[in-house]
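Below: one structure, written as structure tokens.
Just so you know, ligand 1 is whichever comes first in the structure, and atom 1 is the first atom listed for that ligand.
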Amino acid sequence: MRVVLIGPPGSGKGTQAVRLAKHYGAVHIAAGDLLRAELAAGTELGLRVQQYLSSGDLVPDDLVVALLWGRIVEAARDGGYVLDGFPRTAGQAEAAYRMALEAGVTAHAAVYLDGDSDALVARMLARAHVDGRVDDTAEVIAHRLAVFAEQTAPLVDYYERRGLLIRIDAMLPADEVTKAIIKALDATERPDATRE
Ligand code: AMP
């Protein structure tokens with residue numbers, strides 16, 4: 001299974017991505033986690049992305065694509081991928097699609113976790129206390145939601161046009177969200193599924 005997960009900050013994308021990867025025997029690829037790992041390890045890339053991560057702005061497309069692309073292709077050959085937080089801009093989606101076509105690893109579906117922004121802010125503030133994330137202050141959260149609306153939300157239409165979109169209500173309890181996603185994905189046509 002090769003799936004892209006799209007959702008505003010706080011929509012439960014990470015939780016669902018882990019569950020879906022486990023269910024389908026696919027690799028969970030979390031863009032934010034990989035970027036934070038670079039930062040924690042003090043790599044050159046980590047230093048370059050530091051300011052974006054702490055402000056809630058998006059890291060430039062070329063850096064993210066370079067960090068993720070090899071992992072995506074490898075995952076596709078190893079049971080599939082669940083992309084969590086990538087692509088996040090039209091530029092990333094187009095670059096990924098071009099490369100995926102060439103490598104024969106295009107997505108089977110794009111799941112959009114649709115949620116009300118006030119409720120999402122409340123969820124994220126609650127989570128910030130638990131996780132201690134540097135980018136979960138009220139101000140940064142508001143900014144991340146605005147960045148999502150401006151740069152990532154257009155991808156919903158993009159995947160709809162490609163006939164890949166599955167829209168799920170993110171405000172349902174997490175277990176119900178998981179069930180709804182799996183049900184929809186199982187009904188999705190995967191022409192090359194026998195090879196996975
Ligand atoms: P996340 O953990 O997915 O909420 O991502 C945390 C932060 O990592 C974001 O606020 C961005 O600064 C950065 N980030 C994650 N994924 C991407 C992406 N696909 N493109 C650009 N920046 C990203």
Side-chain angles (χ1 to χ4, degrees), residues 2-21 27-73 75 81-100 105 107 110-115 117 119-156 158-159 170 174 177:
R2 301 192 295 265
V3 53
V4 171
L5 267 182
I6 306 169
S11 61
K13 204 161 32 77
T15 302
Q16 298 301 331
V18 169
R19 294 177 179 187
L20 294 175
V27 181
H28 172 212
I29 298 179
D33 287 352
L34 292 169
L35 288 165
R36 280 186 291 273
E38 294 288 322
L39 181 61
T43 64
E44 197 189 324
L45 176 64
L47 291 175
R48 289 178 71 182
V49 302
Q50 183 164 26
Q51 81 196 75
Y52 301 102
L53 291 180
S54 50
S55 65
D57 284 313
L58 296 184
V59 169
D61 288 349
D62 55 337
L63 297 183
V64 178
V65 172
L67 175 68
L68 297 183
W69 189 248
R71 286 180 168 85
I72 292 173
V73 173
Y81 56 68
V82 177
L83 299 188
D84 166 7
F86 177 86
R88 232 163 161 126
T89 66
Q92 290 174 18
E94 279 153 20
Y97 185 49
R98 267 199 315 276
M99 294 191 288
V105 299
V111 173
Y112 172 44
L113 295 175
D114 194 359
S117 64
L120 295 176
V121 171
R123 266 200 206 181
M124 273 186 288
L125 284 171
R127 188 182 69 182
H129 295 296
V130 180
D131 292 357
R133 281 179 51 148
V134 290
D135 56 354
D136 269 359
T137 63
E139 218 174 61
V140 175
I141 287 171
H143 183 59
R144 292 173 73 218
L145 280 167
V147 168
F148 176 85
E150 195 178 301
Q151 303 199 58
T152 309
L155 294 186
V156 173
Y158 168 82
Y159 285 112
V177 173

Near [X], which atoms of ligand 1 are under 4.0 Å from a heavy atom of that residue?
{"X": "R36", "answer": "2 (O), 6 (C)"}
{"X": "A31", "answer": "16 (N)"}
{"X": "R144", "answer": "1 (P), 4 (O), 10 (O)"}
{"X": "G85", "answer": "16 (N), 17 (C), 18 (C), 19 (N)"}
{"X": "L35", "answer": "8 (O), 13 (C), 14 (N), 15 (C), 23 (C)"}
{"X": "D57", "answer": "11 (C), 12 (O)"}
{"X": "Q92", "answer": "18 (C), 19 (N), 20 (N), 21 (C)"}
{"X": "L53", "answer": "7 (C), 8 (O), 12 (O), 13 (C)"}

What's the spacing between [X] [atom1] and [Y] [atom2] if we round to 0.5 Å?
{"X": "L67", "Y": "F86", "atom1": "CG", "atom2": "CZ", "result": "9.5 Å"}
{"X": "Y158", "Y": "Y97", "atom1": "OH", "atom2": "OH", "result": "6.5 Å"}
{"X": "L35", "Y": "L63", "atom1": "CG", "atom2": "CG", "result": "8.5 Å"}
{"X": "Y81", "Y": "I72", "atom1": "OH", "atom2": "CD1", "result": "7.0 Å"}
{"X": "D62", "Y": "Q92", "atom1": "CG", "atom2": "CD", "result": "9.5 Å"}

Checklist outcome for this item: Logged contact type for V64 with ligand 1, heavy-atom cut-off 4.0 Å, is side chain

Checklist entry - What part of V59, side chain, backbone, both or neither, has a heavy atom within less than 4.0 angstrom of ligand 1? => result both

Next on the checklist: Closer than 3.5 angstrom, by distance alone: can the side chain of T152 be matched with the main-chain N or O of R88 as a donor-acceptor pair?
Outcome noted: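 Looks like yes, one N/O pair under 3.5 Å.
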
Checklist entry - Counting heavy atoms only, which of H143, R88, K13, Q151 comes nearest to atom 9 (C) of ligand 1? => result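 Looking at heavy atoms only, the winner is R88.
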
Checklist entry - Between the side chains of T43 and E38, is a donor N or O closer than 3.5 angstrom to an acceptor N or O? => result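 Yes, because at least one side-chain N or O of T43 sits under 3.5 Å from a partner of the opposite role on E38.
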
Checklist entry - Residues two or more places apart in sequence or in another chain: which of them pass salt bridge (charged side-chain N to carboxylate O under 4.0 Å, His left out) with D114? => result R167

